[in-house]
There are 2 protein chains.
Amino acid sequence: MRIGELSRRTGVPTRMLRYYEEQGLIAPRRRENGYREYGEYLVDRVRKIRELLDSGIPTRIIGDMLPCLDDTSDTVIAEPDPELRALLVEQRDKMSERITVLEHNRDALDRYIVAMDRAERDVADGAVSTV
Amino acid sequence: MRIGELSRRTGVPTRMLRYYEEQGLIAPRRRENGYREYGEYLVDRVRKIRELLDSGIPTRIIGDMLPCLDDTSDTVIAEPDPELRALLVEQRDKMSERITVLEHNRDALDRYIVAMDRAERDVADGAVSTV
DNA sequence: TTTGACATTATCACCCATGTGAAGGTTTGA
DNA sequence: TCAAACCTTCACATGGGTGATAATGTCAAA
């Protein structure tokens, strides 16, 4: 498919799709006329890229990780690369840390919201105002 | 305490501490000589700022959220602000989404790492090489 | 009490990452 | 033929820092 269709199907502006290509995250083939030709699988790939960027993973890392993020559990690896392994372990652990921090703070936010609602309800019930 | 000590105790360069002040995240008082004077509680606060920034939360949002992130469960709110509530709910939900994405991808990474190790072990066991 | 090392101050400018806007040119397809 | 889709390229925006300079403050040893 061409860039416009991919853009429509992923919700990602064409401008950004070209940018991701520049960053080495996707590598569409070219038609004779110079137009980019995107394979079907790139729809999911682009969505995954957006998710990861939204979660704060930089493009450089995404580029290294993408080939390892297929959801199949029966991945077969021909030549295990120790350097790649180290990078993946590092990223996995960083992700775990982020998850911990986010959970912690989300829960704190949630408690605060509940407290706000409690206060609101108390006001509505005619409790003595603390303003 | 002065900026150098806070820097030592948090591991955050003085340059950054001044930057966070500029961004409105911390507001140390000043001594007569112009030096910044940091209260003890800012040690935790600066650590929390670092955590949140590392997790991809922008300073603007951190500034709004910080007062709501105390870990005490018995927070009392005098005048519940609906706008603030909306912002907090939005951020809480964004955090939940991020957590989901990060968990998903961390698990995928983890599976890949396990697969690599399995491949490595097979090689060591003298399995037929696929190189 | 002065000297010298070290901490702090402010300010200006610069870097990288992630986008975004706009100009100017080519290709497609009704 | 003409609009819409595509192409490249250059430039700008924002966020989060970082480096360098020059001036002042502190403190201890000579």
Side-chain angles (χ1 to χ4, degrees), chain A residues 1-39 42-43 45-66 87 91 94 97-98 101-102, chain B residues 1-39 42-43 45-66 87 91 94-95 98 101-102:
Chain A
M1 81 196 79
R2 292 183 310 181
I3 198 167
E5 187 183 342
L6 182 60
S7 171
R8 248 173 286 114
R9 290 178 56 187
T10 58
V12 177
T14 61
R15 194 71 186 71
M16 265 197 220
L17 293 173
R18 296 195 191 96
Y19 174 70
Y20 294 153
E21 179 178 350
E22 197 183 312
Q23 300 303 308
L25 298 183
I26 44 182
R29 301 233 294 287
R30 295 296 181 125
R31 298 185 181 178
E32 307 220 333
N33 58 15
Y35 282 21
R36 291 167 177 83
E37 176 64 30
Y38 295 87
L42 287 173
V43 174
R45 182 138 175 170
V46 165
R47 291 210 186 103
K48 180 151 285 184
I49 291 171
R50 280 303 326 153
E51 279 185 358
L52 290 168
L53 280 169
D54 282 342
S55 300
I57 316 291
T59 52
R60 219 223 106 236
I61 304 294
I62 295 178
D64 291 334
M65 288 190 338
L66 268 180
L87 186 146
Q91 291 308 315
K94 266 192 194 157
E97 269 184 53
R98 273 185 191 214
V101 168
L102 286 171
Chain B
M1 84 196 78
R2 292 183 310 183
I3 198 167
E5 188 183 342
L6 182 59
S7 172
R8 249 172 284 115
R9 289 179 56 187
T10 58
V12 176
T14 60
R15 194 70 186 72
M16 266 196 216
L17 294 173
R18 296 196 190 95
Y19 174 70
Y20 293 153
E21 181 179 350
E22 197 184 313
Q23 300 302 309
L25 298 182
I26 45 182
R29 301 234 291 290
R30 295 297 181 126
R31 296 189 182 176
E32 308 220 331
N33 59 14
Y35 283 21
R36 292 167 176 85
E37 176 65 31
Y38 296 88
L42 287 173
V43 174
R45 183 137 173 171
V46 166
R47 292 210 186 104
K48 181 154 284 182
I49 292 171
R50 280 304 324 153
E51 279 184 359
L52 290 168
L53 281 169
D54 282 342
S55 301
I57 316 290
T59 54
R60 218 221 108 240
I61 304 295
I62 295 178
D64 291 334
M65 289 191 338
L66 268 181
L87 185 146
Q91 291 307 316
K94 265 192 195 159
M95 282 181 171
R98 273 184 190 214
V101 169
L102 286 172

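So you know, we letter chains A, B, ... as the sequences are listed, proteins then strands, and number each from 1.
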Taking 4.0 angstrom as the limit, do A:Arg31 and A:Glu37 come out as a salt bridge?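 A salt bridge links A:Arg31 with A:Glu37.
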Answer yes when B:Arg15 and B:Glu22 have at least one side-chain N-carboxylate O distance shorter than 4.0 Å, and no when they do not. no
Consider the side chain of [X], meaning its heavy atoms from C-beta on, and name the nucleotide among [options] that approaches it most closely.
{"X": "A:Arg15", "options": "C:dG19, D:dG17, C:dG21", "value": "C:dG21"}
{"X": "B:Arg50", "options": "C:dA10, D:dG17, C:dT18", "value": "D:dG17"}
{"X": "A:Leu53", "options": "D:dC7, C:dT18, C:dT9", "value": "C:dT18"}

Of B:Asn33 and B:Thr59, whose closest DNA chain D nucleotide lies nearer the 5' terminus?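 Final value for this comparison: B:Thr59.
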Contacts of B:Met16 and A:Arg8 projected onto DNA chain D by closest heavy atom; the upstream (5') one is A:Arg8
Is there a side-chain contact between [X] and the phosphate of [N], meaning an N or O under 4.0 Å from OP1 or OP2?
{"X": "B:Arg18", "N": "C:dT9", "value": "yes"}
{"X": "A:Arg36", "N": "D:dT8", "value": "yes"}
{"X": "B:Arg2", "N": "C:dT8", "value": "yes"}
{"X": "B:Tyr20", "N": "D:dG17", "value": "yes"}
{"X": "B:Arg30", "N": "C:dA10", "value": "yes"}

Measure from [atom1] on [X] to [atom2] on [N] and round the result to the nearest Å.
{"X": "A:Ile49", "N": "C:dG19", "atom1": "CD1", "atom2": "C1'", "value": "15 Å"}
{"X": "A:Glu37", "N": "D:dC6", "atom1": "CD", "atom2": "C1'", "value": "13 Å"}
{"X": "A:Leu17", "N": "C:dT20", "atom1": "CG", "atom2": "P", "value": "11 Å"}
{"X": "B:Tyr35", "N": "D:dT26", "atom1": "OH", "atom2": "C1'", "value": "6 Å"}
{"X": "A:Glu51", "N": "C:dT18", "atom1": "CD", "atom2": "C1'", "value": "18 Å"}

Could you check whether atom CZ of A:Arg29 has more than 12 heavy atoms from other residues, nucleotides or ligands sitting under 6.0 Å from it? no
Where A:Ser7 and A:Pro13 come nearest, the two heavy atoms and their spacing: OG-CA, 3.8 Å
Minimum heavy-atom distance between A:Ile3 and A:Thr14, given as atom pair plus value: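 That would be CD1-O, 3.7 Å.
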